[in-house]
Amino acid sequence: MKGSDVTVSGISKSFGAFKALKGVSLEIKKGEFFSLLGPSGCGKTTLLRVIAGFEEPDSGIVGIDGRDVSGLPPDKRRCNTVFQSYALFPHLTVFENVAFPLRLKRLPNRLVRELVMKHLSLVQLEGHAEKRPSMLSGGQKQRVAIARALINEPSVLLLDEPLSALDAKLRQRMLVELDSIHDKVGITFIYVTHDQQEALSVSDRIAVMDQGLVLQIGSPQQIYENPASDFVARFIGETNIFAGVVASREGPFATVECEGLGPLLVEANGEAPLGARVSVAVRPEKIRIAAESPGARPELNVLSGVVEEPIYSGFQTKYIIHLAGGGSVTVFRQHANWSEGVPDLKWKDEVYLSWSARDSVVVESDAVANDEVVNGAARPPAP
Amino acid sequence: MTRNYGKIYAGPQALWLTVFFAAPLAIIVAYSFMKRDLYGGVLPQASLEAYRSLANPTLLSVAWRTLWVSFIATVFTILIALPCGYSIARSGNQAMRLFLVIVPFWTNFLIRIYAWIAILGNEGFLNDLLKILGLRTNSVQFLYNQGAVILVLVYMYLPYAILPLFSTIDKFDFTLLEAARDLGATRMQALMKVLIPNIRGGLVTAVLFTFIPIFGAYAVPLLVGGKDAYMLGNVIADQVTKTRNWPLASSISMGVTVLTGLAAVIFAATSRRTAQHVVEDSGIGPLSATAGIPSGGQA
Ligand SMILES: Nc1ncnc2c1ncn2[C@@H]1O[C@H](COP(=O)(O)OP(=O)(O)O)[C@@H](O)[C@H]1O
Ligand SMILES: [Mg+2]
């Protein structure tokens, strides 16, 4: 591995009275594609700037390869940044933008040309070397910024929402490309984004942040399937949250008594002591929806309700179901069997919802969020 | 049918330029090719006499001194104006600081020159201060030399350099400096290789706004310079009012105009070639800048 490991321990940073980072610690492995994911304003950029050396933290240490780099200026750290706004030099051509770090080192012309062309071909921009940045499209500017950040052969690449200025289609393409660049250069990527879909699809691991704190660190799967809290569950994809009290524990399961809905059998990985107020999270795609009751089976939760709103979107239909016990639930139904005559569910149809106990988890309830989401419907992730 | 309203709208400006720029210039051109009348004015006879007398060693040495003083004063002005413009652009209360830059204009420029005389004079504040501090027992001669002229010229034209520099630096994207630092540049390298090239438009404007009026300076060298620091503006004034050789005054004026015009064009052209798009982006290209330059010779 050519990359470095990055250790962030106990970083705090305030701007005036405002605490942007409140003691953030991370262990990022060599060559990892690590994402910082969180809503806008949660401190992602600030953390990245602390790692790059643009901000001096109030307390805490940044280590690269076990060496404390706190206090080193940005030009002395072996990490380079891809800025959100690209930050290409408008007075220089694409070639000279990418060559900028090499010119500073006064490398001979022949070597500069060789290295620059190599990196321009890495981002597929060989034909644009003599253009000015102002003549490039957003996606092309992004590639120049990546090539320029890589030419110094950093051991860590910091990317601050690099795709946020691109349109949705292009974003998908660039994401795949970033992933392949990561595979090719093999260095550590620290990728900042507020888009959970981006983070889930490319990261080796994700740190979910909110209000200057890291809430959970884990693989995309861990974060999606076993969110640590209400906030994480709701931020990553859509989810249904039910509030309740732990009534009993048996093996990996807990029975949670939910207001109006009765007992739900739920997988409990973390601590769920008897009598604790917790939240139960169920992903909308894990819930089966049917016109007839699936019958009682162990480890199967069944609820009944009526269709409040079917929302057709081609590959699937999203249903909002009003539960008999109060509150509503979001359910996704894939259209894999559409042609086989699965009955179409319409407004006011009575339906049965069921899901396996293993497909729902107990999550820590955020005290604040609790009040507003008692048996609440799935919410879209925060912007 | 579409009518070209542009021409109509340009009318007032064309009239203005004709009356206050083209016509006086034409008169000077005409006078410079005529014979002098003994008591001022001109005789309506064509002559190259005025241009022949330009090749006169005293005049050439004054021309050389004028170039030199203008150059040094411009360099100092820009060196001071750059950090000023930068700090105003980056400060939280731009309006207040810009206001402070403009405040001196509320006082007549002659009064401001006399203020400098009050400061630098043999019985002035500075000498008083030196005596109070016990550093000197007798007065230091600060006034009536080239140094005093340069000092006061720099003071006079500083705002003309600060304002265009401020306005381009204000539009500069400072993340570019962070990007440069990130890519391995030291603080100084980032400023020289990224800030300076990107504010070239403002620099060109600032240089022209200071160099051209300083080249035609009249009052400052007259009042704080004395005979040894005379500049072309003073020679022209003397030819008009004392020697009463109007054709010569006109031909020297033509010389000043041609020299400054040439310097401006060369300077603007070289800067334009290296930073064309930047100049265009900033909207203060050297040409639009020259059009608004404070006329030479007022100070
Ligand atoms: N230089 C600064 N001065 C004052 N407040 C700042 C500064 N930089 C960031 N902040 C504040 O810190 C918080 C976190 O900002 P940031 O790290 O940019 O968030 P994110 O990148 O996650 O959107 C925001 O509320 C922002 O207003
Ligand atoms: Mg940000």
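Reminder, nothing fancy here: chain letters follow the sequence lines and each chain counts from 1. Everything numeric here is computed off the predicted structure, so don't read it as measured data.
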Student: Using a 3.5 Å distance criterion without hydrogens, assess whether the side chain of A:Asn152 forms a donor-acceptor pair with backbone atoms of B:Leu183.
Tutor: yes

Student: What part of A:Asn80 is in contact with chain B, defined as an atom under 4.5 angstrom from a non-hydrogen atom: side chain, backbone, both or neither?
Tutor: both

Student: Report which part of A:Thr81 has an atom under 4.5 Å of a heavy atom belonging to chain B: side chain, backbone, both, or neither.
Tutor: both

Student: With a sphere of 6.0 Å drawn around NZ of B:Lys7, does it hold more than 12 non-hydrogen atoms of other residues, nucleotides or ligands?
Tutor: no

Student: Please answer whether the main-chain N or O of B:Leu195 pairs with a side-chain N or O of A:His91 as donor and acceptor at a distance below 3.5 Å.
Tutor: no

Student: Find out whether B:Asp182 and A:Asp75 are in side-chain contact, i.e. whether some heavy atom of one side chain is under 4.5 Å from a heavy atom of the other.
Tutor: no

Student: If you count every heavy atom of other residues, nucleotides or ligands that lies below 6.0 Å from B:Phe174 atom CZ, does the total exceed 12?
Tutor: yes

Student: Is chain B contacted by the side chain of A:Leu158, its backbone, both, or neither, given a heavy-atom distance below 4.5 Å?
Tutor: neither

Student: For atom CZ of A:Phe89, is the number of surrounding heavy atoms from other residues, nucleotides or ligands below 6.0 Å larger than 12?
Tutor: yes

Student: Taking all heavy atoms of A:Phe83 and all of B:Ala179, pick out the closest pair and write down the distance.
Tutor: CE1-CA, 3.5 Å

Student: Would you indicate whether the side-chain heavy atoms of A:Arg49 and B:Glu178 approach each other to under 4.5 Å?
Tutor: yes

Student: What are the two closest non-hydrogen atoms of A:Phe100 and B:Ala185, and how far apart are they?
Tutor: CE2-CB, 4.3 Å

Student: In this structure, are over 12 heavy atoms from other groups packed under 6.0 Å from A:Lys131 atom NZ?
Tutor: yes

Student: Quick one: which of B:Val194, B:Leu176, B:Asp173, B:Leu177 has the most heavy-atom pairs under 4.5 Å with chain A, could you say?
Tutor: B:Leu176

